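This report concerns only the one structure given below.
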Amino acid sequence: MSATHALPAAAAGTVPFVRMDRDNPELLEELLGVVRTVAEESSFILGAHVEGFENDFAAYCEAEQAIGVGSGTEALVLSLQALGIGRGDEVIVPANTFIATAEAVSAVGATPRLVDVDPVTGLLTAAIVERAMGPKVRCIIPVHLYGATVDMDPILELAREARVAVLEDACQAHGARYRGRRVGTLGHIGCFSFYPAKNLGAWGDGGAVVTSRPDLADRVRLLRSHGERPRYRHRIVGTTSRLDGLQAAILRVKLRHLDRWNAQRRRAAAELRRALQGLALELPAAPVSAGDHVYHLFVVQSDERDLLRAQLTARGIASAVHYPVPVHRTDAYAHLGLQAGSLPVAESMAARVCSLPLFPGLEDWQIQAIGAAAAEVTRSDNEPRSLVA
């Protein structure tokens, strides 16, 4: 699930939206070193670097196996295929997500059963899932959106009773925990994206599937490389979706820093909350009980979203909208017939959400600049208006 397609340079404004590896000279030199190693070894497709990262990431996630694939979207597609989801099946998907979650369902020939989300957390809940269950539903995809964990236990219990699979979309929640366990390991199978702006980002597209079920891991490994084992013996119809050796080597270095970076994100989020306290903004919800938030994105809601973004831009502060159109209202899913008002919470959020800068290394003066800008949203006639409630 890609959080943003444009990666703004730090030089573009006072506060960039993300901080890329080029802004950390020591890390950059280490990464360039492993790039050289991969080039010298010509270890570009699978091989030792991919296997090393897969072992490291599985251990980090506390899963039996991790399989590197070409992107987070492909992780979702291959996982659905491994679970046997296909034509005639329905998969419960929250409308408040990046479209890749639904696209993966469509890619395997199934139908996304798009549902609304909780008005407080913006996430899937067991009550919503229960209302959406039907005879064709064979899988549920909870999305740990923005880095916040879904309340998984009640959903897992429902899934067990209904005998349906649970595929976790953890593409924005690397390292988050729920009841002491890493997300991605709670259901049958879990998916991650390593898009460059993610908490654990590569230097291009990349993804991973994690699972503790050997049968699912074996199936994904076959599917990602033409169903081939050994060379030129094609056991099933597969595809090409392998994590590059170059990306694996980069990710292996960065994985060692992930917990520290997530801790920095949490600290920055706490400071940003303080800077915005008392303003007419809806701040990110607190984590669900026994849940977590690794703040891939710091998303506020405002009735004056466009004015807020304009004020931020005027002060050289980057912002973004994740996501401006809920999945069911996109042209791509118009055929499902879900009209305006059908999923009101997701629609309201799409009209009000604004992602503010948050990244490891966000400085105190930058946080204060964001707070000051948010407090000075202006009317269209340029009359100053405070956001103080």
Side-chain angles (χ1 to χ4, degrees), residues 1-41 43-44 48-50 52-54 56-57 60-61 66 68-73 75 98 146-147 170-176 192-208 243-269 272 294-298 316-320 322 355-367:
M1 179 188 301
S2 175
T4 178
H5 287 286
L7 301 178
T14 304
V15 187
F17 189 67
V18 296
R19 185 173 187 255
M20 304 306 293
D21 296 336
R22 65 190 169 205
D23 301 316
N24 185 334
E26 185 177 341
L27 176 65
L28 181 61
E29 285 306 307
E30 185 177 6
L31 295 176
L32 289 173
V34 298
V35 168
R36 183 178 183 86
T37 298
V38 172
E40 289 173 343
E41 295 174 353
S43 183
F44 302 120
H49 294 288
V50 173
F53 173 69
E54 289 175 338
D56 289 353
F57 194 62
Y60 176 83
C61 291
V69 297
S71 69
T73 305
F98 183 58
Y146 307 149
C171 288
Q172 296 185 2
H174 313 68
F192 292 86
S193 164
F194 303 126
Y195 185 78
K198 295 298 172 69
N199 292 34
L200 180 63
W203 283 7
D205 282 318
L243 181 66
D244 293 344
L246 177 66
Q247 305 301 346
I250 288 168
L251 289 165
R252 199 174 187 190
V253 170
K254 296 179 72 174
L255 181 60
R256 298 197 295 265
H257 302 280
L258 179 56
D259 282 341
R260 178 169 57 84
W261 289 338
N262 280 345
Q264 291 177 5
R265 285 177 180 271
R266 292 188 187 98
R267 284 195 294 271
L272 193 52
V294 291
Y295 290 99
H296 169 56
L297 295 169
F298 189 97
I317 299 169
S319 66
H322 300 89
S355 302
L356 301 179
L358 193 144
F359 47 82
L362 187 67
E363 298 186 39
D364 289 344
W365 69 267
Q366 293 175 316
I367 292 170

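This one's a predicted model, so the numbers in the text were calculated from it and none came from an experiment. Along the sequence shown, the residues carry numbers beginning at 1.
Ala176 approaches Gly147 most closely through the heavy-atom pair CB-O, 4.3 Å. Of all non-hydrogen atoms in Gly204 and Pro196, the two that sit nearest each other are O-CD, 3.5 Å. Closest approach of Ala268 to Leu358, counting heavy atoms only: C-CD1, 4.1 Å. Across Pro360 and Gln264, no two heavy atoms sit closer than the pair CB-OE1, 3.1 Å. The shortest heavy-atom contact between Pro357 and Leu362 is O-CD2, 3.8 Å. Summarising the geometry of Phe359 relative to Pro16, their closest heavy-atom pair is CE2-O, 3.2 Å, with the distance given to 0.1 Å.
Checked against side chain to side chain contact (heavy atoms under 4.5 Å, CB included), Arg266 has the following partners two or more places apart in sequence or in another chain: Asn262, Asp292, Val294, Tyr295. Residues passing the side chain to side chain donor-acceptor pair (under 3.5 Å) test with Asp21, sequence neighbours excluded: Trp203, Lys254. Checked against side chain to side chain contact (heavy atoms under 4.5 Å, CB included), Val38 has the following partners two or more places apart in sequence or in another chain: Phe44, His49, Leu246, Ala249.
Annotation for Glu26: atom CD does not count as buried by contact number, only 12 or fewer foreign heavy atoms lying within 6.0 Å.
Taken to the nearest 0.5 Å, the OG atom of Ser193 stands 6.0 Å off from the NE2 atom of His174. We find the CG-OH distance between Leu255 and Tyr60 to be 6.5 Å, quoted to the nearest 0.5 Å. Here Arg22 contributes atom CZ and Leu31 contributes atom CG; the two are 13.5 Å apart, rounded to the nearest 0.5 Å. Distance check, rounded to the nearest 0.5 Å: CG of Leu297 to CZ of Arg265 gives 8.0 Å. To the nearest 0.5 Å, the span separating CD on Gln366 from CZ on Arg19 amounts to 9.0 Å. Atoms CG and CG, on Asp56 and Leu251 in that order, are 10.5 Å from each other to the nearest 0.5 Å.
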(message) If you apply the rule side chain to side chain contact (heavy atoms under 4.5 Å, CB included), what do you find for Val15 with Ile367, and how did you get there?
(response) CA-CA 9 Å; Val15 187; Ile367 292 170; over 6 Å; no
(message) Determine whether Asn199 and Trp261 satisfy the following criterion, side chain to side chain contact (heavy atoms under 4.5 Å, CB included), listing intermediate values before the conclusion.
(response) CA-CA 8 Å; Asn199 292 34; Trp261 289 338; over 6 Å; no
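Phe194 and Phe57 have perpendicular rings, their planes meeting at more than 60° on a 0 to 90° scale where under 30° would count as parallel.
Panel note: side chain Tyr146, backbone Ser355; no donor-acceptor pair is recorded below 3.5 Å. Side chain of Gln247 to backbone of Asp244: no donor-acceptor contact under 3.5 angstrom is found.
Aromatic pair Phe98/Tyr195: ring centres not closer than 6.0 Å.
Residues Arg256 and Glu30 are in side-chain contact: their nearest non-hydrogen atoms beyond the backbone lie under 4.5 Å apart. For the pair Glu54 and Leu243, the minimum side-chain heavy-atom distance is 4.5 Å or more.
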